[in-house]
Amino acid sequence: MDDQHDSQQPAPRRGKVLDALVRAERKVFTRPAPKSANAQVKFLLTRMKDSAKDLAERLGVSTRTVERYRAGQLKKPQKKLREALTEETASEWQPQVRARARERAATSGGMQVEVYAYFGFTASGSSDDGRERFISTPISPTYAKEILRMQEAGATEEDLHPIVAEAITESYFTDWGTRCDGLRADFTRVRSIDFRF
């Protein structure tokens, strides 16, 4: 059976906030991840303790397909396998570099967020009506730590929205608690979001 006939599981879709967190981690890599299918398979096999069976299950292909890519007999995977190899390689690449960046964000540096979304407000007193905004603002290490902890614990997109909105409210709308006491902002309809460590 060749890789064209292997049934592959579609990769689970992450939401925009989760995708942005993953992209932020990948921006801190100090070396590029392997690009060719052969190099990606060899790298992933080292991470899977050389178990072609485990890697095949993870990629949704046969063990024989993994072995053929390892041996260089197959070189150009179909789109789904190519995407799975790229995603899995990036998720395993440079774990210490990612861990240091996460630790720095959670303890001293915080994160920077750029978001274009609809922001709605509640406050004691009056407030502007909700509207779409582009906001670029730092997030304190306290909020960065909580956001990263929740991501690591498997939080969903819906779980992360309130904490990210609270972090943005603290830094952008209330200027670190020096104005607009009691203001609460929520965001929906996220068009784009990026984080930087």
(request) Compare all side-chain heavy atoms of M150 with those of I163 and state whether any distance is below 4.5 angstrom. (result) yes
(request) Please tell me if the side chains of Y69 and L81 come closer than 4.5 Å, counting only heavy atoms from C-beta onward. (result) yes
(request) Would you mind checking if E25 and R102 are paired as a salt bridge, meaning a charged N to carboxylate O distance below 4.0 Å? (result) yes
(message) side chain to side chain contact (heavy atoms under 4.5 Å, CB included) for F197 and L148? Distances and angles first, verdict last.
(response) CA-CA 11 Å; F197 291 119; L148 295 171; 4.0 Å; yes
(request) Find out whether S51 and L45 are in side-chain contact, i.e. whether some heavy atom of one side chain is under 4.5 Å from a heavy atom of the other. (result) no
(request) Please state whether the rings of W93 and F43 are parallel, tilted or perpendicular, taking 30° and 60° as the class boundaries. (result) perpendicular
(message) For residues V22 and V113: do they belong to one hydrophobic cluster (side chain heavy atoms under 4.5 Å, members Ile, Leu, Val, Met, Phe, Trp, Tyr)?
(response) no
(request) Specify the closest pair of heavy atoms between A105 and A144, including all atoms of both residues, with the distance to one decimal. (result) O-CB, 3.4 Å
(message) Restricting to salt bridge (charged side-chain N to carboxylate O under 4.0 Å, His left out), what partner residues turn up for R26, sequence neighbours left out?
(response) E87
(message) Has E67 got a side-chain atom pairing as donor or acceptor with A52's backbone, closer than 3.5 angstrom?
(response) no
(message) I need the minimum non-hydrogen distance between R82 and P77, along with the two atoms involved.
(response) NH1-O, 3.5 Å
(request) State which residue, out of Q40, R58, R47, fulfils the side-chain hydrogen bond (donor to acceptor under 3.5 Å, both in side chains) condition with E88. (result) R58
(message) Using a 6.0 Å cut-off, check whether atom NZ of K53 has over 12 heavy atoms from anything other than its own residue.
(response) no
(message) Testing the basics here: between G72 and K75, what is the closest heavy-atom pair and its distance to 0.1 Å?
(response) O-NZ, 3.0 Å
(message) Less than 3.5 Å apart, any donor N or O on the side chain of S62 or T65 sitting next to an acceptor on the other?
(response) yes
(request) Look up atom CZ in F187 and atom CZ in F119, then write down how far apart they are to the nearest 0.5 Å. (result) 6.0 Å
(message) When you measure from the centre of the six-membered ring of Y118, is the NZ or CZ of R189 closer than 6.0 Å and no more than 45° off the axis?
(response) yes
(message) Between D159 (side chain only) and T156 (backbone N and O only), is there a donor and an acceptor less than 3.5 Å apart?
(response) yes
(message) Hydrophobic clustering (ILVMFWY, side-chain heavy atoms < 4.5 Å, transitive) - are L160 and Y116 grouped together?
(response) no
(message) The criterion is side-chain contact (heavy atoms from CB on, under 4.5 Å); which residues satisfy it with N38, sequence neighbours excluded?
(response) S36, K42
(message) Tell me whether R23 at atom CZ has more than 12 heavy atoms from other residues, nucleotides or ligands lying less than 6.0 Å away.
(response) yes
(message) Measuring only between side-chain heavy atoms, which start at C-beta, is V41 closer than 4.5 Å to L44?
(response) no
(request) Kindly indicate whether the side chain of H161, heavy atoms from C-beta on, has any atom under 4.5 Å from the side chain of V17. (result) yes
(message) Just verifying a value: how many Å separate T169 OG1 and D186 CG, rounded to the nearest 0.5 Å?
(response) 7.5 Å
(request) Answer yes or no: is there an ion pair linking R70 with D50, defined by an N-O contact shorter than 4.0 Å? (result) yes
(request) State yes or no: do L18 and I139 share one hydrophobic cluster built from I, L, V, M, F, W and Y residues joined by side-chain heavy-atom distances below 4.5 Å, directly or via other members? (result) yes
(request) Compare every heavy atom of A185 with every heavy atom of A165, then report the nearest pair and how far apart it is. (result) CB-O, 3.2 Å
(request) Calculate, to the nearest 0.5 Å, the distance between atoms CZ and CD belonging to R191 and E132 respectively. (result) 4.0 Å
(request) Measure the shortest side-chain to side-chain distance between F173 and I168 over non-hydrogen atoms and say whether it is less than 4.5 angstrom. (result) yes
(message) I'd like to know if R100 pairs up with E103 as an ion pair, taking the criterion as any Lys NZ or Arg NE/NH1/NH2 lying under 4.0 Å from an Asp or Glu carboxylate oxygen.
(response) no
(message) Distance check, rounded to the nearest 0.5 Å: Q112 atom CD versus R196 atom CZ?
(response) 5.0 Å
(message) Tell me the closest heavy-atom pair linking A90 and R98, and the distance in Å.
(response) O-NH1, 3.4 Å
(request) Could you grab the distance from atom CD of E83 to atom CG of L59, nearest 0.5 Å is fine? (result) 12.5 Å
(message) To the nearest 0.5 Å, what is the distance between CD on E166 and OG1 on T174?
(response) 10.0 Å
(message) Whether the side chain of K49 engages the backbone of T46 through a donor-acceptor N/O pair (distance < 3.5 Å, no angle test) should be reported.
(response) no
(request) In sequence, state the C-alpha distance, the side-chain angles, and the governing distance for E170 and Y143, and then conclude on side-chain hydrogen bond (donor to acceptor under 3.5 Å, both in side chains). (result) CA-CA 10 Å; E170 179 194 58; Y143 280 109; 4.7 Å; no
(request) Scan side-chain atoms only and decide if T137 and S171 contain a donor-acceptor pair under the 3.5 Å cut-off. (result) yes
(request) Might you work through the salt bridge (Lys or Arg N to Asp or Glu O under 4.0 Å) test for E152 and R149, ending with a clear yes or no? (result) CA-CA 5 Å; E152 214 167 81; R149 184 199 64 74; over 6 Å; no
(message) Are Y172 and V190 connected into the same hydrophobic cluster when the rule is that any two of I, L, V, M, F, W, Y join if their side-chain heavy atoms are below 4.5 Å apart?
(response) yes
